[in-house]
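All of these numbers come straight from a predicted model, not from anything done at the bench.
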Amino acid sequence: MTEEKFTYDYYIVGQRPVKVKKDEEGLERGIYALNWKTGEFDLNHSYWEKLEKDNIDTNEVDEEAFNKQVQKMMKKNNSSKLKKPGM
């Protein structure tokens, strides 16, 4: 059995990191957006249109810039959770 290999294209949409999973032939297999609450990447095709059209809020980035944005947003969201009263 041959294991499928995937690659990713990386985007920042507004401030949200979004990645597009592609198979060996370059076909898109899923759009994953960072979930602020869980810190996980959830399948979320609602970003499809923003990625396909020229959108001033959408930037394609390399993996390093993508990972930096993920860390920045997770740090920001974790600190804002700590400041909420009653949590």
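Scanning all heavy atoms of the two residues, the minimum distance from R16 to A33 falls at CD-CB, 3.8 Å. Summarising the geometry of D23 relative to R29, their closest heavy-atom pair is OD2-NH2, 2.8 Å, with the distance given to 0.1 Å. Heavy atoms only, all atoms of each residue included: L43 and G30 are closest at CD1-CA, 3.9 Å. When all heavy atoms are compared, the tightest approach of V70 to F41 is CG2-CZ, 3.7 Å. In this structure, H45 and I31 approach most closely via the heavy-atom pair NE2-N, 3.5 Å.
Cation-pi contact between K19 and F66: absent, since separation from the ring centre below 6.0 Å together with deviation from the ring axis within 45° is not met.
Distance check, rounded to the nearest 0.5 Å: CD of Q69 to CD of Q71 gives 10.5 Å.
The hydrophobic cluster containing I12 also contains Y10, counting ILVMFWY residues as joined when their side-chain heavy atoms lie under 4.5 angstrom apart, directly or transitively. Hydrophobic clustering of Ile, Leu, Val, Met, Phe, Trp and Tyr side chains at less than 4.5 Å, counting indirect connections, unites V61 with M74. Taken together through direct or relayed side-chain contacts under 4.5 Å among Ile, Leu, Val, Met, Phe, Trp and Tyr, L51 and Y8 form parts of separate hydrophobic clusters.
Within the 4.5 Å cutoff, the side chain of Y47 has no heavy atoms near those of the T58 side chain. N44 is not listed as a side-chain neighbour of Y32, based on a closest heavy-atom distance of 4.5 Å or more. Side-chain contact check for K50 versus Y11: every heavy-atom pair is 4.5 Å or farther apart.
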Salt bridge (charged side-chain N to carboxylate O under 4.0 Å, His left out) for D9 and K22? Distances and angles first, verdict last. CA-CA 8 Å; D9 290 338; K22 293 187 173 185; 2.7 Å; yes
Going through the checks in order, is the side-chain contact (heavy atoms from CB on, under 4.5 Å) test met by D42 and E40? CA-CA 6 Å; D42 294 337; E40 301 293 324; 4.3 Å; yes
Could you go step by step and tell me if E28 and W48 meet the side-chain contact (heavy atoms from CB on, under 4.5 Å) rule? CA-CA 11 Å; E28 294 172 355; W48 179 259; 2.3 Å; yes
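Remark: E52 CD is packed, more than 12 non-hydrogen atoms of other residues, nucleotides or ligands lying under 6.0 Å away.
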